[in-house]
Amino acid sequence: MYSLRLLRKLRRVPPINGFREFASQHKRRPQLGALSPDRLEELRTSFVEGRQELSASDWQEVRQSLLKTYKHIGEHNVDVVILGVCSGPGQLSLAKNYVEFLRSQGTQPNAASLGRLLRVYNAAYHERLLSDVEQDEVLKICDSLQKNHETLDATSCENIIHGLVTTKDHWRRAAPLLEMMKVTSSPSIAAYSAISEKAFSEEDLDKQEDPLSWRLLEEMAQEKKPPKCEVYLALINRLAKEPALVAAQLNRLLNFLERHEILVSRRVADRLLELGQQLPQSLQVSATRLVPPGKCESCQQHFQPVAISDEQFRMLSESFLERVLIRSDVFQRSTPMEVARFKKYVDRTAPYDCVIDGLNVAYSTGTKKSPQQLAKLVATVVSHFREQNKRVLVLGREHMRNWCKQSMHYVQKNASLFLTNNLSHDDPFLLYATLKSGADTDFFSRDLMRSHAFHLGPEMKPIFRRWQQQHQFSLVTQTKTGKLIVKEPIRHRLEAHQVSDTWHVPFCEVYTPHPPESFEVPTNWLCLKLNGPTNEEKSTKETQ
């Protein structure tokens, strides 16, 4: 499907035919044939915006000019391109006018064109409710697309979903299309979010035990597809109209954000602040920030620690050995003999207080350093922990024996040193030694360990991430005077969580479908306190 973004990238070709002045225009407009791809936005502003219809001759001129001017536009996609230009929320009449023009010429719009038209209906719907006549038009298009194919492709399914959610009485027909999409691909965030947004607006949230809206949100989270802002905004807007739902539904939302470690955007945070001002009897919300060492500036409560339980640590240690250290691809970069030699060495010399990735440390301030500089940096990090009376293990490679003798001698004298084969993968050894040493042991590396977290599986990954956050040191830089700037582990939670009767909710500036995995402390937080009972609390009182 073509869009303006793609068209801007197309190569400009010399104009062939000028775009004649529309009879209805008093002021001469730029010639379409002279527009380069990066000026197609000018086509929208000059010929499309503010217009409800064009004459048949005008549409014919637009169509032919696009076909002649852009080599990537042909008969198979020119209609989609034009409807893409007419895709604004105020341009539904113009888009419909173009489809009527096609039919008047004896051309039936193809599925892609009708799908694009449904998107224009959806854009209009987000500005205003569609009339009954417009909803009937949407249903006719959806019916015509569905009756011709028993199974639709994912793009067609998504287009129909965006059409159906604009209707008052037929939006539930969109949900089964998600299952149809799964035949050929994974449903997109946009498709999930469109139905979830509608469900939060229309469902009876207070009476249904398992509303579609929440089921889809959970499915999205499991699929690592963070819902779009509009989903949360639909729920909050619903709560603003039905204050009786605030306690139970907002508590459910906050628990959802906590379990899946999701950051909402500033748009959602601002709407929650507005809701607090609108319904002060239901909730209190204020913007806040963290003050060291992890305390809310607003309520002065300390954030929950990120620590995992003893049982979770035991499960993590066992899982790591089975799923990460002895994986076949680790043996491809090492050998079973080396793994056995390392395990024997750790059994003999552990426990440690800190395990250091020697090469990671050495190259963390730049790779274009002399062996003398690399060795000295490793020795300085060892000294940093030895001054705290820490027992240290340094992991490295055999070639490090050729580094500066003085610095390496200091490392060997003040830490245990295990050097692997030059082709070995260090991280599994580092993490194994750390876990083997006990729940209080830290490690020193800048590596985020994403692949190892992935191989632990969905159940153990969040436990590993919490343990990693609590125990990972890394080198930020070394000053000219030789002083180390070390990033210490963050000991408090970074996701939404409750302290006593108050929720602390982090938020980011803008929504992103691919949030980064990191342990950076969010800058922006909400301090939120619900004043009413949740559904669970109501049930407890009723049974007493």
Side-chain angles (χ1 to χ4, degrees), residues 196-197 200-201 203-207 211 213-214 217 221 226-306 490-511 521-542 544:
S196 300
E197 177 187 353
F200 273 124
S201 300
E203 281 187 308
D204 190 342
L205 298 174
D206 195 31
K207 296 181 180 180
S213 51
W214 285 109
L217 238 62
K228 296 177 73 172
C229 303
E230 287 75 14
V231 177
Y232 304 122
L233 293 173
L235 172 60
I236 298 169
N237 291 336
R238 174 76 176 276
L239 300 182
K241 299 174 184 177
E242 301 181 53
L245 298 177
V246 168
Q249 293 298 312
L250 205 50
N251 188 69
R252 186 168 185 174
L253 173 62
L254 296 171
N255 276 285
F256 169 81
L257 297 177
E258 177 183 20
R259 280 185 290 107
H260 299 291
E261 301 181 3
I262 293 175
L263 266 68
V264 296
S265 71
R266 181 174 289 278
R267 285 180 63 197
V268 178
D270 287 344
R271 187 66 186 92
L272 284 169
L273 286 166
E274 292 173 3
L275 187 66
Q277 294 173 354
Q278 183 179 346
L279 303 174
Q281 72 281 6
S282 299
L283 74 158
Q284 302 167 21
V285 191
S286 61
T288 188
R289 64 186 183 94
L290 266 67
V291 293
K295 185 170 68 173
C296 174
E297 186 180 53
S298 179
C299 69
Q300 296 296 304
Q301 295 188 86
H302 287 274
F303 280 22
Q304 283 185 10
V306 74
I490 302 167
R491 309 290 185 179
H492 58 77
R493 297 181 64 178
L494 301 178
E495 69 279 357
H497 66 280
Q498 192 172 17
V499 180
S500 184
D501 59 350
T502 304
W503 280 91
H504 294 100
V505 185
F507 62 93
C508 54
E509 285 298 326
V510 294
Y511 167 84
V521 180
T523 304
N524 305 304
W525 293 77
L526 293 179
C527 181
L528 189 152
K529 183 177 180 180
L530 295 168
N531 296 334
T534 64
N535 276 344
E536 291 81 359
E537 291 169 338
K538 288 180 182 178
S539 300
T540 302
K541 291 179 181 179
E542 290 172 358
Q544 289 177 344

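Keep in mind that this is a model prediction, so the values were computed, not measured.
- Distance NE2/H504 to CG/L290: 8.0 Å, rounded to 0.5 Å.
- Taking K529 as the reference, D501 meet the salt bridge (Lys or Arg N to Asp or Glu O under 4.0 Å) condition, with sequence neighbours excluded.
- Distance CG/L253 to CD1/I236: 6.5 Å, rounded to 0.5 Å.
- P506 is linked by a side chain to side chain contact (heavy atoms under 4.5 Å, CB included) to L263, A496, P522, W525, counting only residues two or more places apart in sequence or in another chain.
- In terms of modelled atom types and a separation under 3.5 Å, the side chain of R252 and the main chain of A247 share no donor-acceptor contact.
- Here the side chain of R491 pairs no donor or acceptor atom with the backbone of P305 at under 3.5 angstrom.
- R493 meets the salt bridge (Lys or Arg N to Asp or Glu O under 4.0 Å) test with E258, E495; sequence neighbours excluded.
- Between the side chains of W214 and Q249, at least one donor N or O sits under 3.5 Å from an acceptor N or O.
- Annotation: ring-ring contact (aromatic ring centres under 6.0 Å, His included) contacts involving residues 253-275, sequence neighbours excluded, comprise F256-H260.
- Here L233 contributes atom CG and L275 contributes atom CG; the two are 11.5 Å apart, rounded to the nearest 0.5 Å.
- The line from CG of L279 to CD of E274 is 11.5 Å long, rounded to the nearest 0.5 Å.
- Between the NZ atom of K228 and the OG atom of S265 there is a distance of 11.5 Å, given to the nearest 0.5 Å.
- Contact of the Q284 side chain with the N531 side chain is registered, since non-hydrogen atoms from C-beta on lie closer than 4.5 Å.
- Shown here are the side-chain hydrogen bond (donor to acceptor under 3.5 Å, both in side chains) partners of Q278, two or more places apart in sequence or in another chain: there are none.
- In this structure the side chain of F200 never reaches within 4.5 angstrom of the side chain of R238, judged on heavy atoms.
- Applying the ring-ring contact (aromatic ring centres under 6.0 Å, His included) definition to pairs two or more places apart or across chains, none involves residues 277-302.
- The closest side-chain heavy-atom distance from S500 to Q301 is below 4.5 Å.
- Sequence neighbours left out, the pairs with a member in residues 281-291 that pass salt bridge (charged side-chain N to carboxylate O under 4.0 Å, His left out) are R289-E297.
- When every heavy atom of V285 is checked against every heavy atom of G276, the shortest pair comes out as CG2-CA, 4.1 Å.
- Among residues at least two apart or in separate chains, there is no ring-ring contact (aromatic ring centres under 6.0 Å, His included) pair with a member in residues 226-254.
- Atom CZ of residue R267 and atom CZ of residue F507 lie 14.0 Å apart, to the nearest 0.5 angstrom.
- Tested against E242, the residues L239, L245, V246 include a single side chain to side chain contact (heavy atoms under 4.5 Å, CB included) partner, L245.
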Practice item. Run the numbers on V306 and I490 for side chain to side chain contact (heavy atoms under 4.5 Å, CB included), then give the verdict. Key: CA-CA 8 Å; V306 74; I490 302 167; over 6 Å; no
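- Contact check for L235 versus S213: no side-chain heavy atoms found under the 4.5 Å cut-off.
- Looking at heavy atoms from C-beta onward, L250 lies in side-chain contact with L272 at the 4.5 angstrom threshold.
- The shortest distance between side-chain heavy atoms of Y511 and V268 does not fall below 4.5 Å.
- Looking at every heavy atom in both residues, R271 comes nearest to N237 through NE-OD1, 2.7 Å.
- A pairwise comparison of heavy atoms in T288 and C296 identifies OG1-SG, 3.4 Å as the closest pair.
- Side-chain atoms of S201 come within 3.5 Å of backbone N or O of E197 as a donor-acceptor pair.
- Closest heavy-atom contact between L273 and A287: CD2-N, 3.8 Å.
- Listed by chain and number, the residues in a side-chain hydrogen bond (donor to acceptor under 3.5 Å, both in side chains) with Q300 are K295 (sequence neighbours excluded).
- Listed by chain and number, the residues in a side-chain hydrogen bond (donor to acceptor under 3.5 Å, both in side chains) with T523 amount to none (sequence neighbours excluded).
- Shown here are the side-chain hydrogen bond (donor to acceptor under 3.5 Å, both in side chains) partners of S286, two or more places apart in sequence or in another chain: S298.
- Residues T502 and L528 fail the side-chain proximity criterion, which asks for heavy atoms closer than 4.5 Å.
- Under the salt bridge (Lys or Arg N to Asp or Glu O under 4.0 Å) criterion, E261 pairs with no residue, sequence neighbours left out.
- Side chains of E509 and N524: a donor on one and an acceptor on the other come within 3.5 Å.
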